[in-house]
Amino acid sequence: MRAIPGAARAYILLTALCAAACVQPAVRDPGSTPWLAAGMLAGLYALCELPARCRVLGRSLNGSVPVAAGSFFPVLLAAALLLPPAAAALVAVPGALLGRIEQRPRSARRVWRAAQLALATWAASRAQVLFGGPVALGGGGYGLTVPDFPYVLLPAGAAALAFCLVLTALDGSILVVAERREPRAAWRGLLASSLAPHAAHGLAGLMMAVLWRSPYGPLSALLVLLPMYISCWVFAQYHRERAAHQATIRALVQAVDIKDTYTRGHSERVGHASVLIAQEMGMERERIEVLRFAGILHDVGKLGVPTRVLRKDGPLTPEERRVIELHPEYGHEMVRGIAFLGEARGAILHHHERLDGSGYPYGLAGDRIPEFARVVAVADAFDAMTSTRSYRRGRPVGTAVAELERCAGTQFDPAMVRALVRALDRYGWRTAVTADEGTAPTTPTASTTPAPQASPPAPASPPAAASPSAPGPRGNVPSARTAQPGAAAPSGASTPSAPRTVGGATPRGGQGSRGSRGGPR
């Protein structure tokens, strides 16, 4: 269960008070409120939301996808067109309180949902009144008994837009308060992704309102529920397909973990770190999801590398190093035909490129390296340095961050490094033992390492480089760089036996050595 911060609880309470103020006129003056219509619409909306709580009715035919939240917003928009603002706001409350809530604590989330929808419906009703909605719908006098098409589309559109804007504003603000996201990142893409669905909801709500006012009466408005349930079914098919994508990725990652047991869990953490970087940079949600796939699958090409090379304990020969350096190309070939990966395929191919052009497989430099690949490179190196494995202890977060910053501009994109540092300041980082054989070094690593102030100071000797550009036998073990004469190697790092370039990258095809338990390559 994820606790809601105190500031977020206060914000939820403030939003609920605002919603209560909006519905107060209906309660204070019950004689002017059409309670029958309001009750019927509120009951209809609650009835539509109830199946989502049922394990049988609330799921698609294959039993894996819940009914989509927001699928029945047309009922609320119909209420906004048919009722006064205060009464329309009340319509949203019962269904919101009874609707499906996935995460805990559920009580606070139900109150937030009810207040959010009540405010959005109130704003939608106010907007349509400003544009003469009651008159255009045929119920406000001036001799009109039928809707005034096409003018009625204007107040209906204004209602849908107001509904969308209020929901977007509240969705973004709760992310800022509850998750401490940057405002720019919290609201980026929310409005653009919501406009089209809410426009469709507005048209469906207008259809319900027109049928409600027609000679056939409120029962005819229920006909609009059929296309809404069809839209739920389509939404469920989309999520079923998405679940299949996730299963495909899990199978690939599991195959890599089975083959290279020394880096078990590494792929998932690289995907998580990539998402943290992307959120700080304000990427759109769709791209963030694809980037997560890129982080998870960045080492899938190891399936094409002989197991004896991946698990070799002694120094690598030049030929074995060249085989290892082919894993990005192997990975790209494996996922070439998976269309939903999109930009992730470029990240899989280029995540060992360096900003100065000395990486592999193609020696790309600067902006020629795909953006996703630059993100994954930073996430990959950071997790490799902070992970504790059976043959070495993970480094403190502060030491790893210092090494990333040292290599920024030559090996890593500085913007990506800064984004990761900001994310670590906000969320911290959970380290883990990635090997499931042997024992970790004697000095334990904290289970959760928060922001840099919790990290011990960097050792006096030069830290080992962060580069994943030369992959290790267990994955991307942080590479050691040329040691200063007489300086001791930092804890957990291999002692290099051959000179290396800045950041630890060995020129392609060059001779590399490592210690007996997994030095860099």
Side-chain angles (χ1 to χ4, degrees), residues 1-5 8-28 30 33-59 66-80 82-126 162-164 166-171 173-175 177-178 194 197-198 201 205 208 222 225 228-229 232 235:
M1 181 179 74
R2 184 176 180 181
I4 297 178
R9 290 182 180 274
Y11 184 70
I12 292 172
L13 178 60
L14 178 62
T15 306
L17 291 175
C18 291
C22 290
V23 303
Q24 184 183 8
V27 179
R28 189 175 60 242
T33 301
W35 288 107
L36 179 60
M40 293 174 66
L41 286 166
L44 178 60
Y45 181 64
L47 188 64
C48 290
E49 290 290 346
L50 275 178
R53 301 188 66 177
C54 176
R55 293 185 177 182
V56 177
L57 297 177
R59 295 182 178 271
V67 173
S71 299
F72 304 106
F73 283 170
V75 178
L76 300 182
L77 288 166
L82 291 166
L83 302 173
L90 279 173
V91 169
V93 175
L97 293 176
L98 294 173
R100 184 188 184 94
I101 300 294
E102 296 286 348
Q103 295 177 305
R104 298 182 180 181
R106 293 191 175 92
S107 297
R109 296 178 188 276
R110 290 187 196 283
V111 171
W112 165 254
R113 186 65 172 164
Q116 184 186 32
L117 290 179
L119 286 174
T121 308
W122 180 87
S125 183
R126 293 288 298 177
F163 190 87
C164 177
V166 171
L167 282 185
T168 300
L170 292 173
D171 282 338
S173 61
I174 196 65
L175 291 177
V177 176
S194 301
H198 284 102
H201 292 158
M208 286 194 68
L222 298 179
L225 292 179
M228 282 193 286
Y229 270 104
C232 283
F235 188 83

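Everything numeric in this text was worked out from a predicted model, so none of it was measured.
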Are [X] and [Y] side-chain neighbours, meaning at least one heavy-atom pair lies under 4.5 Å?
| X | Y | result |
| --- | --- | --- |
| L76 | L41 | no |
| Q116 | D171 | yes |
| L83 | P34 | yes |

Rounded distance (nearest 0.5 Å) linking atom [atom1] of [X] with atom [atom2] of [Y]:
| X | Y | atom1 | atom2 | answer |
| --- | --- | --- | --- | --- |
| R109 | I4 | CZ | CD1 | 4.5 Å |
| L47 | M40 | CG | CE | 12.0 Å |
| L117 | L167 | CG | CG | 6.0 Å |
| C22 | L17 | SG | CG | 11.0 Å |
| I12 | I174 | CD1 | CD1 | 4.5 Å |

Sequence neighbours excluded, which residues qualify as side-chain contact (heavy atoms from CB on, under 4.5 Å) partners of [X]?
| X | value |
| --- | --- |
| A80 | T121, A124, S125 |
| A16 | V111, A115 |
| T168 | C164, W187, L190, L191, S194 |

Open item on the list: Looking at every heavy atom in both A123 and A162, which two are closest together, and how far apart are they?
Closed with: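 The pair with the smallest heavy-atom distance is O-CB, 3.7 Å.
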Task: Which atom of L98 lies closest to which atom of A46, heavy atoms considered - done: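 Taking every non-hydrogen atom into account, CD1-CB, 4.1 Å.
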Return a table of donor-acceptor pairs under 3.5 angstrom between the side chains of residues 88-95 and protein atoms on other chains or two or more places apart.
none

- [ ] Any pair with a residue in residues 95-121 that passes ring-ring contact (aromatic ring centres under 6.0 Å, His included), sequence neighbours left out, goes on the list, sorted by first then second residue, please.
- [x]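 As it turns out, the ring-ring contact (aromatic ring centres under 6.0 Å, His included) pairs with a partner in residues 95-121, which skip direct neighbours, are Y11-W112.
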TODO: Go through the structure and list residues passing ring pair (Phe, Tyr, Trp, His ring centres under 6.0 Å) with W122, not counting sequence neighbours.
DONE: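 W122 satisfies ring pair (Phe, Tyr, Trp, His ring centres under 6.0 Å) with no residue once adjacent residues are dropped.
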Open item on the list: Quick one: does any side-chain atom of R110 pair with a main-chain N or O of P105 as donor and acceptor, under 3.5 Å?
Closed with: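 The answer is no, because no donor-acceptor pair under 3.5 Å joins these two groups.
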